[in-house]
Amino acid sequence: RNNIFPLILNQVAAENRVNIVVTSSQDEKAKNIIEAEIFAKPKTVHLAINGHGNVGSTLIDQVVESSEEIRNRKKIDLKIVAVANSKKIALNRSGFSENWNEEILVAERPSKVEELIAFSQQNQLENLIVVDNTASKEFAKNYPVLAENGFDLVSSNKIFNTLPIS
């Protein structure tokens with residue numbers, strides 16, 4: 001699910017210890033996931049919101065406003081790390097705050113799925129979810145490559161839901 005592939009997994013029974021070796025490109029992500037599971041730290045879920053019109057902007061505002069309550073109540077740390085429209089994408093590893101709209105205005109990166117995938121890999125982001133709030137056939141074509149790169153998908157895209165399965 002998070003595309004982490006152990007190179008070596010070793011259990012030392014006498015010491016109640018498990019050793020895991022991963023590539024350096026996965027070390028931070030693996031550490032975060034293991035700490036969340038073993039030490040009951042809040043699980044971080046990284047959200048990428050595509051489309052910030054009426055539905056998307058309302059969703060972003062709701063996540064930003066209620067993230068602290070969700071963290072305390074459900075032990076889930078929701079971070080919106082990407083917001084995109086058809087022209088550009090804004091990325092923020094720490095997660096967007098209530099001034100997310102201002103960050104989008106100054107964003108300069110083109111809105112390409114490759115940008116989002118590269119960003120998530122460079123920052124070793126775990127528990128990735130893309131939320132598609134568009135009515136774009138073109139963005140829906142990216143669903144397979146996003147899934148292959150460890151993203152879960154949530155869509156309110158009515159166009160996608162009416163396309164043929166092929």
Side-chain angles (χ1 to χ4, degrees), residues 1-5 26 28-30 32-33 36-37 40-166:
R1 174 182 181 142
N2 279 296
N3 291 339
I4 294 178
F5 304 102
Q26 296 181 324
E28 186 71 22
K29 186 193 302 188
N32 291 341
I33 292 167
E37 293 298 322
K41 288 177 62 176
K43 176 191 279 189
T44 301
V45 175
H46 296 95
L47 302 172
I49 311 291
N50 193 47
H52 54 88
N54 289 336
V55 172
S57 63
T58 300
L59 175 64
I60 294 167
D61 289 338
Q62 287 176 340
V63 170
V64 169
E65 289 170 14
S66 60
S67 62
E68 189 65 32
E69 180 185 339
I70 293 169
R71 187 181 208 294
N72 293 334
R73 200 167 33 94
K74 296 288 187 182
K75 302 291 185 229
I76 296 174
D77 188 10
L78 291 177
K79 289 185 180 181
I80 299 173
V81 295
V83 179
N85 60 24
S86 60
K87 295 179 176 53
K88 56 188 178 177
I89 186 169
L91 304 168
N92 184 329
R93 188 195 190 307
S94 302
F96 288 97
S97 62
E98 52 276 342
N99 64 345
W100 63 269
N101 221 344
E102 295 168 17
E103 291 187 55
I104 291 169
L105 292 174
V106 298
E108 297 180 0
R109 293 183 181 190
S111 185
K112 295 183 180 176
V113 171
E114 296 80 16
E115 288 277 341
L116 177 60
I117 292 169
F119 173 77
S120 69
Q121 290 171 345
Q122 289 165 357
N123 290 283
Q124 298 186 40
L125 302 178
E126 73 277 8
N127 304 314
L128 300 160
I129 300 174
V130 170
V131 181
D132 181 8
N133 297 305
T134 70
S136 168
K137 284 184 192 177
E138 290 307 309
F139 187 76
K141 291 178 184 175
N142 294 306
Y143 289 1
V145 73
L146 287 165
E148 289 165 4
N149 282 279
F151 288 84
D152 289 323
L153 300 160
V154 176
S155 177
S156 62
N157 184 333
K158 291 178 255 184
I159 302 295
F160 172 73
N161 292 331
T162 61
L163 292 174
I165 292 176
S166 62

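Heavy atoms only: backbone and side chains are in, while hydrogens, waters and symmetry mates are out.
- Atom-to-atom distance recorded for S67:OG and I80:CD1 is 8.5 Å, nearest 0.5 angstrom.
- Every residue was checked against the side chain to side chain donor-acceptor pair (under 3.5 Å) condition with K74, not counting sequence neighbours, and none meets it.
- Going from atom CG of N133 over to atom CG of N50 covers 7.5 Å, rounded to the nearest 0.5 Å.
- The side-chain heavy atoms of L116 and L146, taken from C-beta on, include a pair separated by under 4.5 Å.
- Using a 4.5 Å cut-off on side-chain heavy atoms (C-beta onward), V130 and Y143 make no contact.
- A donor-acceptor contact shorter than 3.5 Å links the side chain of Q124 to the backbone of E28.
- F139 CZ to T134 OG1: the interatomic distance, rounded to the nearest 0.5 Å, is 6.5 Å.
- To the nearest 0.5 Å, atom CG of residue N72 and atom CG of residue D77 are 10.0 Å apart.
- Applying the side chain to side chain donor-acceptor pair (under 3.5 Å) criterion to E103, with sequence neighbours excluded, gives N92.
- Here the closest heavy-atom approach between residue K79 and residue S94 is recorded as CD-O, 3.7 Å.
- A donor-acceptor pair is defined here as one N or O able to donate and one able to accept, closer than 3.5 Å; such a pair exists between the side chain of S111 and the backbone of N85.
- Evaluation of the salt bridge (Lys or Arg N to Asp or Glu O under 4.0 Å) test over residues 92-101, restricted to residues two or more places apart or in two chains, returns none.
- No side-chain heavy atom of D132 sits under 4.5 Å from any side-chain heavy atom of L153.
- When all heavy atoms of H52 and A84 are compared, the closest pair comes out as CD2-O, 3.6 Å.
- In this structure, the side chains of W100 and I49 stay at 4.5 Å or more apart for every pair of heavy atoms.
- Under the 4.5 Å side-chain criterion, counting only non-hydrogen atoms from C-beta, Q121 is in contact with N149.
- For K75, the salt bridge (Lys or Arg N to Asp or Glu O under 4.0 Å) test picks out no residue, with sequence neighbours left out.
- A pairwise comparison of heavy atoms in V45 and I129 identifies CG1-CD1, 3.6 Å as the closest pair.
- When all heavy atoms of I89 and A107 are compared, the pair lying nearest together is O-CB, 3.6 Å.
- Remark: E138 pairs with K141 by the side chain to side chain donor-acceptor pair (under 3.5 Å) rule, at least two apart or across chains.
- Interatomic distance, CD1 of I104 versus CG of L91, reported as 10.5 Å (0.5 Å rounding).
- Inter-residue side-chain proximity for F96 and I60 is flagged as unmet; no heavy-atom pair is nearer than 4.5 Å.
- Considering only heavy atoms from C-beta on, V145 comes within 4.5 Å of I117 through its side chain.
- Listed for the H46 side chain is a donor-acceptor partner under 3.5 Å among the backbone atoms of E126.
- Listed here is the closest heavy atom pair of P42 and I76: CB-N, 4.4 Å.
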Derivation of the side-chain contact (heavy atoms from CB on, under 4.5 Å) call for N123 and V81: CA-CA 11 Å; N123 290 283; V81 295; over 6 Å; no

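- Note on residues 107-118: pairs passing salt bridge (Lys or Arg N to Asp or Glu O under 4.0 Å), not counting sequence neighbours, are R109-E115.
- Here the shortest heavy-atom pairing between V55 and S156 reads CG1-OG, 4.3 Å.
- Counting non-hydrogen atoms of neighbouring residues, nucleotides and ligands closer than 6.0 angstrom, the CG atom of N54 reaches no more than 12 such neighbours.
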